[in-house]
Amino acid sequence: MPSATGNIHDLAGHAKPVALVHNPTDRNIWFITGDAKIGRFTPRAPYESKVFEPIYSGKKAEDLVLGDQAVWTYIHDDATGHAVALAGDDRYALHGSGPAAATRAMALGSDSAGARRVVATLDGRGALLFIDGDGGVSYSTDYGSPLHGLTIDSGNLQEYWVSCPERHQVVRFDASVGDFDLSPIDFGSQLKPQALALTGAGGKALWATTPDARIIRYDFDTKSHRTIDIPAVAHRVYGLPDGSAWFTMPTGDAVGYFAAGATTLTGTISTGTGTGPSSLAVDRDGTLWVGLAGTGQMFRVSKVQLTPVSGQGQQTVVGTPFPNPLKVKAARLDGSPVQGATITFTVNGDQARFEGDRTTDARTTLADGTATSAVLHAKQVGLCDISALWEEESAFTRFENITVTPAVGPADHTRYLSGAGQDTERGTEFPERLKVTVVDANGAPVPAIDVTFRVVDDDLASFDGGPIAVVPSDDTGVAASPALTAGSEAGRVRVEAWAADTSAGTVFRERVL
């Protein structure tokens, strides 16, 4: 994907963010990479970014959190782990040591005295890890089973909610007394809650991802939960100040969201093939940003969506128009269409052009929010790079898998399609017609070419009483024989098929019972 195009921005050194956090003081979004490098991104023009080289190497990290005066993370290798802070002078500082375990989740909470501390869950560990303001590491009591997700109530920083997938539970840790609640939320034997988030608008709700393509919503008012199907497995889930819940789907290359108070999926937004969205953060202006761990970029989620409706995945040969124009839909996040938006379709490269040999085509959306491009013409062989931009909203989308193929050459040979290996009784027709595809030297189908089917063993079968049938290939290059009828004797039948003016054909073998 190109740098700084629409809502996508490359990170310095193609750093691949696995977690994000917004700093309201400097207005930047800070990120951590899988190899434990901390960086910052400016979520406004000119969208600059920087990665700070650490004082260590060979370490891993999975999450980070903003403390009072520094960005904190937990790094580890196969031997040990360490609390790490990147302070205002942009220098790393190693602090207390801990187990060699990956971080499942991190958040900022308060201890029993009200002092701020970093709270984390570690892979395979049943105790919470605490990092105090000086970098000291300590632990909670052990819950007895590995913990996973973590979310802390912004209205009460001593109330931690923690998931325990093995027990199918979410449990509250009360920092004021320093222990887990004796009455966890139980989700039954089939659900394993993982990443967690809280929302408050429309009734306080707890959201939990699962190892399957489902999300759990638990309502505190009714003390009940429901499971909601989503397109792909969710990695992390976030509760936003407006009451909406958002989640990342790395394997689905998309993020999804629930509007405030929603009990069904509101919608999804594609981040592009191979982007692997890992994490979310909201900047000071309320704009949502997504870290793309697959491509080393930041993705701006507009308050509107621009999505392809048709035109993707098509192909045509050089010198011909594509069968379908490009079509997009402009909509708000609640799905309502936007009329009157100006959409600019753009072709990069030399593979295709719009009518009039143009690389761009501007259109205005209709009442249903759709805009349709002019006819697209194929110019050169290759994969087309085509996008659409809604400039007023900086909403951007890409059309995938539009391909220009070479012009069809002369027929070179036939390729077997179907009909071989059939059995039938004497004096009856074989159930299927014999089919081949006529192709050129590059394997492209060739239409309107005569194909000869000849029964080699003509005493055992025939086409309408004769050994030979000639039929033309159709628009897709396929030629189907007439019905093949068995003779009065049992035996094995060979049928040859070849296209006119070619030397390589296809042999069918059938059997008369």
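When a residue number appears, it is its place in the shown sequence, counting from 1. Source: prediction; values computed, not measured.
Using a 4.0 Å cut-off between a side-chain N of Lys or Arg and a carboxylate O of Asp or Glu, Glu53 and Lys37 qualify as a salt bridge. Between Asp142 and Arg125 no salt bridge is recorded (no basic side-chain N to carboxylate O distance below 4.0 Å). Of the charged side-chain nitrogens involved, none lies within less than 4.0 Å of a carboxylate oxygen, so that Arg44 and Asp285 do not count as a salt-bridged pair.
Here the closest non-hydrogen pair linking Ser112 and Ser176 is CB-O, 3.8 Å. A pairwise comparison of heavy atoms in His82 and Leu94 identifies CB-CD2, 4.0 Å as the closest pair. The shortest heavy-atom contact between Thr266 and Ala259 is OG1-N, 2.7 Å.
Under the salt bridge (Lys or Arg N to Asp or Glu O under 4.0 Å) criterion, Asp212 pairs with Arg214, sequence neighbours left out. Residues passing the salt bridge (Lys or Arg N to Asp or Glu O under 4.0 Å) test with Asp26: none are found, sequence neighbours excluded.
Checked against the 6.0 Å centroid criterion, the rings of Trp289 and Phe41 qualify as a close aromatic pair.
Residue pairs that meet the side-chain hydrogen bond (donor to acceptor under 3.5 Å, both in side chains) test with at least one member in residues 223-232, sequence neighbours left out, are Thr222-Ser224. Residue pairs meeting the salt bridge (charged side-chain N to carboxylate O under 4.0 Å, His left out) criterion with at least one partner in residues 76-97, sequence neighbours excluded, are Arg40-Asp90, Lys59-Asp77. Within the structure, the side-chain hydrogen bond (donor to acceptor under 3.5 Å, both in side chains) test picks out the following pairs touching residues 181-193 (sequence neighbours left out): Arg172-Asp181.
Between Tyr47 and His9, the angle of the ring planes stays under 30°, which puts this pair in the parallel group of the 30/60° scheme. Taking the six-membered ring where the residue is Trp, Tyr160 and Phe173 present parallel rings, their angle staying beneath 30° rather than reaching 60°.
The backbone N or O of Ala105 sits nowhere less than 3.5 Å from a side-chain atom of Thr103 that would complete a donor-acceptor pair. For Tyr74 (side chain) and Met106 (main-chain N/O), no donor-acceptor pair under 3.5 Å exists by modelled atom type. Under a 3.5 Å cut-off, the side chain of Asn401 and the backbone N or O of Gly313 do not form any donor-acceptor pair.
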Please output the side-chain donor-acceptor pairs of residues 64-73 that fall under 3.5 Å, not counting sequence neighbours, one pair per line with the distance.
from, atom 1, to, atom 2, distance (Å)
Thr73, OG1, Asp63, O, 2.6

